[in-house]
Amino acid sequence: MMADAQLGERRSIRMSRGDRVYSLFNHLFLAFALLIVLYPLVYIISSSFSSVKAVLSGHVWLWPVDLSLDGYRAVINYSKTWIGYANTLVYTVVGTGINVVLTILAAYPLSRRDMAGRGFIMFLMTFTLLFHGGLIPTYVLIQKLGIMNTRWAMLLPTALGVWNVIITRTYYQSYVPSELLEAAKIDGASDFSFVWRVVIPLSGAITAVNVLFYAVGHWNSYFPALLYLHDQNLFPLQLFLRQVLIINDIDADMMHDLDTALIDEGRLGLMELIKFAIIIVASVPVLCIYPFVQKHFIKGVMIGSLKG
Amino acid sequence: MAAPLAGRRPLAVRVRKTLAHNWQLYVLVALPLVYLVIFHYFPMYGAQLAFKKYRAALGIWGSEWIGFDHFIAFFRSFQFQRIVRNTISISAYSLVAGFPVPIILAIALNNSQTRSFKKTVQLVTYAPHFISTVVMCGMIIQFLSPSVGIVNKFIAAFGLQPVGFMGRPEWFQTIYVFSGIWQQAGYASIIFLAALASVSSELHEAAIVDGAGMLQRNWHIDLPAIMPTAIILLILNVGNLMSVGFEKVFLLQNTMNLETSEVIQTFVYKRGIAWQPPNFSYAAAVGLFNSVVNLVMLVAVNALARRVSDTSLW
């Protein structure tokens, strides 16, 4: 880090004219990238806080116009928002729990070089990344298991991520010293207690990475729900979002609580406003924690890029 | 350790010895293995559905074997050309337009010496990766809407007629590809930044002493440092040319843009699950065709990469 900063200074002192121009364009490019990503996000936030009239007449360009919470009021009064939120919370918490436990169970033995058959198990895992049976055979399997249209269909098929096992194994191999295992063995510790008392406490960082990757995956997933669930009471938030955002199917009960007597155009505008508000309501949990946990995601990608 | 000695003993003894020594490791890995067998290997076994006339009452194994009939029917159907063409053109388009962007972004970020600005750009450009597919597609539809969409407001500001982008087949793939770049380029640059961080600063110092400008250092130091990572990702991308993800295409497609938006995976879903009555075997055959082509392509591309360069997946 220090060396980097020093080098940076030296570079800027010695910058030639050509480099200064190049550096200027470099920064302009980055600023362009920043704006192009930021603008749509700001636009959605601003629209969600604007009034029906402002959204419909297209007065919102950057900042909210006629500050109003009508969109949020409609979303909050919509019963499905809460059914979806509660279900997603269950799937995310329980699903991530199952994921993390299974990942540790698989990754630790595979990190042990003295385990016979480790190469074969590794092959079984990585082969699933190259070839899969397909949508239909998996669907038939879910039917056969009798978990169609149950919460299990949201938890079991994605119980383990092979990529997560690979990064976790790589992490154990490089950060859990083999001397510790030998010392523990001499003290009479079993493999079970070694995992529980040494490996897990020592590798909080990779567990955090796994929790975050899995949790975001569960929070954002809609496809298994689309395939396996029919009962609306089991639907995760993302499926209700699909109804509102993609299929444009907004229940009347989302509208009727509003005190304003809405003419047709007002209803149309409210539908648009609701879409902006529901995007924010659904994305806020992830986007709020993201700046604080960003470094874990970066770490995950970096460990994943090591060839192990 | 007893390992070197064990090599000379008969197999049965060795197995018993390993088990006695490490049995707990096998207990630990048992549950993940059960998961793997049920949820990954059983569907592979079930893929034989593609060669059968499936009847739910008879099950996968009991249903009548009809060989390649479903495959032949698929190859002969008018859909075949269209969905294969769409699948390949969407991924090729994504690859050509999207592959260089994270590399350029990573190099630009690495060049920047304004620490706080660099951090801000990183924070913001990584963020869209965490937006769900449903929200992303909702945003796209919202932005491109002919009545209230911001894109059409800009178009109208220039005095032009609004365009109903989502209903126009000629726009679909461009929308898909560029929204993908918007969402993923920042996050995808992380892996290249990691490669750039491993470049020793002495290399840059030496180049500066020799009078190399920033552009030259980017070209002769940074780009070669990124190359191995880039080749690996390129292999993966080319190997996956026939596997366009279902999720985003499905949400963006509508009856008006099907001509350019129907891909193999959405077709499988519609025929196999959403269709009334569902045609499991036929859809499974289309899906299996897709999986096999993917596997063959990945293996072939990897072999080619190993021959022409030192970098390969395995």
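Within every chain, numbering begins at 1; the chains are lettered A, B, ... in the order of the sequence lines, protein sequences first and strands thereafter. Everything quoted here is computed from the prediction, not taken from an experiment.
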Problem - Mutual orientation of the aromatic rings belonging to A/Trp61 and B/Phe154 [parallel < 30°, tilted 30-60°, perpendicular > 60°] - result: perpendicular
Problem - Residue part contacting chain B, namely of A/Leu160, when any heavy atom lies under 4.5 Å - result: both
Exercise for the section: Ignoring hydrogens and angles, tell me if any N or O in the side chain of B/Asn22 forms a donor-acceptor pair with the backbone of A/Asp114 under 3.5 Å. Expected result: yes
Enumerate donor-acceptor pairs with a distance under 3.5 Å from any side-chain N or O in residues 133-144 of chain A to protein atoms, sequence neighbours excluded.
unit_1: A/Thr138; atom_1: OG1; unit_2: A/Gly134; atom_2: O; d: 2.7

Fill in the blank from the handout: So, the part of A/Tyr39 with a heavy atom under 4.5 Å from chain B: the answer is side chain
Handout entry: Contact origin within A/Phe213 toward chain B - heavy atom pairs under 4.5 Å
Key = side chain
Problem - A/Ala107 portion near chain B, given a 4.5 angstrom heavy-atom threshold - result: neither
Handout entry: Step-by-step ring-ring contact (aromatic ring centres under 6.0 Å, His included) determination, A/Phe223 to B/Phe246
Key = CA-CA 9 Å; A/Phe223 190 40; B/Phe246 169 93; 4.3 Å; yes
Exercise for the section: Could you tell me which of A/Phe192, A/Phe29, A/Phe127 has the largest number of non-hydrogen atom pairs under 4.5 Å with chain B? Expected result: A/Phe192
Handout entry: Which atoms of A/Gln238 approach chain B - backbone, side chain, both or neither, heavy atom under 4.5 Å
Key = both
Practice task
Could you tell me how the ring of A/Tyr290 sits relative to the ring of B/Phe130: parallel (under 30°), tilted (30 to 60°) or perpendicular (over 60°)?
Solution key: tilted
Exercise for the section: Please confirm whether the backbone N or O of B/Gly213 pairs with a side-chain atom of A/Asp19, one donor and one acceptor, at under 3.5 Å? Expected result: no
